[in-house]
Amino acid sequence: MLPEAVMVQAKEEFLNWNEQGCSVMELSHRNQAFIEIAEQAEQDIRDLLNIPSNYKVLFMHGGGRGQFSAVPLNISAKDDSADYLITGTWSKSAIKEASRYLKTHESGCSSTDEEGLICVPNLKSGNLSSNSRYFHYCDNETVDGTEFFDFSLNTDVPIVADMSSNILSKPVDVSRFGVIYASAQKNIGPSGLSVVIVREDLLGQARPETPAILNYSLQAQNNSMFNTPPTYAWYLAGLVFKWLKAQGGVENISIINRQKADLLYAAIDENDFYLNSVSVPFRSRMNVPFQLANNELDSLFLAQAEEAGLLALKGHRSVGGMRASIYNAMPLEGVNALINFMNDFAQRNG
Ligand SMILES: *Cc1c(COP(=O)(O)O)cnc(C)c1O
């Protein structure tokens, strides 16, 4: 979901952007007008996340999965090893891809507590291997619905975080990270773009065989315009950043995100009709998976939800059940509409 105000603005500007007589989509990335859009977007995300000046912000192709390869290619050599924390679907995909490029070590994985609820590992006890080049984890597991809070890990190796599904949803101390990356389509804008925040001292060590378009240094030297970037997605991301600033920035949206998630989890916990299998301290504020106690009602639930205008609630194919993704752009009213529907559905079918 994108903020409606952003979509309305994009629509109004679609045919004739800034009296240029053409769409942003038609501007060359070498055109000064587009370069200004691009630079403004970078400045706005820098402001929003308080990105220190010794970090580059790259706007790249290839989504989150592209970064699964780009990270090892840019900051390790073939004989190196790296630590991966395994907390769900996306960190599993990340380690699988990285294993093609270096030795990977699982430095911990999710477990279940006495009640059978999912817990993410304690990063402090992160069992790092001694010769690791970097530590990788996924800050929010989109499919499994777990998220890290109070993140802290004492290590000298760069920490690499996949924040595809929770970037800009809460304040982050960027200076603790070597690399933060995010595909755009969850909290930033449309698909086709990924944002990479990389500490400058990690540049310049890409392997010779690194594809040029995935090479951080090359992209940094070329202001992410080594080849044609996804220009329209970049422009829309810029509109989303402006919108976020108008919402009071990341500090404010994180309060709203907390409210939305608390309301939805309370609705799930209050009613035996619904279950969520993540231990409370690790529940994602962005992705709320839930099951019906009677899963024979799943398809009825989804069909009636859709009739009520509540879309995209089917859980990821690997886990089934339901999942409500309540990213920044989802208003409180949207969450309340879901809760009302859930209460109603439980009453009719309970
Ligand atoms: C969606 C997602 C990805 C993959 O993004 P693509 O752009 O489809 O490659 C990676 N990591 C996380 C956490 C995601 O949510």
Side-chain angles (χ1 to χ4, degrees), residues 1-2 49 58-74 82 84-101 104 109-110 118 120-121 123 134-149 151 159-170 172 177-198 211 213-214 216 219 224 229-230 232-234 236-237 240 257 261 278 282-289 312-319 322-330:
M1 184 169 189
L2 286 173
L49 288 175
L58 309 176
F59 292 80
M60 295 177 72
H61 290 278
R65 283 185 186 272
Q67 294 305 315
F68 294 170
S69 312
V71 166
L73 285 167
N74 278 281
Y84 277 73
L85 198 63
I86 306 302
T87 49
T89 304
W90 285 113
S91 44
K92 279 186 203 142
S93 295
I95 193 174
K96 187 167 170 223
E97 186 71 8
S99 302
R100 303 171 56 204
Y101 301 107
T104 52
C109 62
S110 294
I118 301 167
V120 296
L123 280 170
Y134 63 88
F135 170 86
H136 179 284
Y137 82 106
C138 179
D139 203 57
N140 183 73
E141 283 283 2
T142 323
V143 173
D144 310 80
T146 59
E147 185 170 6
F148 282 95
F149 303 101
F151 167 82
I159 296 170
V160 179
D162 179 357
M163 296 197 185
S164 290
S165 49
N166 68 346
I167 194 164
L168 295 168
S169 71
K170 62 180 177 189
V172 172
F177 295 88
V179 182
I180 294 172
Y181 64 85
S183 53
Q185 67 270 26
K186 299 355 190 287
N187 246 343
I188 293 180
S191 59
L193 176 75
S194 47
V195 171
V196 180
I197 302 167
V198 53
I213 62 161
L214 291 183
Y216 293 162
Q219 289 291 5
S224 306
Y232 197 73
W234 194 332
L236 281 175
V240 171
N257 285 333
V278 178
F282 311 116
R283 283 172 161 182
S284 165
R285 299 154 310 125
M286 295 283 102
N287 308 98
V288 181
L313 284 168
K314 197 170 173 15
H316 191 269
R317 54 198 145 81
S318 61
V319 292
M322 317 299 155
R323 176 179 49 167
S325 287
I326 49 175
Y327 297 120
N328 284 349
M330 172 63 71

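Atoms within each ligand, like the ligands themselves, are counted from 1 in listed order.
For Ser164, the side-chain hydrogen bond (donor to acceptor under 3.5 Å, both in side chains) partners two or more places apart in sequence, or in a different chain, are Asp162, Ser183. Applying the ring pair (Phe, Tyr, Trp, His ring centres under 6.0 Å) criterion to Tyr216, with sequence neighbours excluded, gives no partner residue. Under the salt bridge (Lys or Arg N to Asp or Glu O under 4.0 Å) criterion, Lys92 pairs with no residue at all, not counting sequence neighbours.
No side-chain donor-acceptor contact under 3.5 Å links Glu141 and Thr146.
Ordered by chain and residue number, the residues placing a heavy atom less than 4.0 Å from ligand 1 are Gly63, Gly64, Arg65, Phe68, Trp90, Cys138, Asn140, Thr142, Asp162, Ser164, Ser165, Ser183, Gln185, Lys186.
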TODO: Could you please spell out the steps behind the side chain to side chain contact (heavy atoms under 4.5 Å, CB included) verdict for Val160 and Phe135?
DONE: CA-CA 6 Å; Val160 179; Phe135 170 86; over 6 Å; no

Open item on the list: Walk me through whether Ile197 and Phe177 qualify under side chain to side chain contact (heavy atoms under 4.5 Å, CB included).
Closed with: CA-CA 9 Å; Ile197 302 167; Phe177 295 88; over 6 Å; no

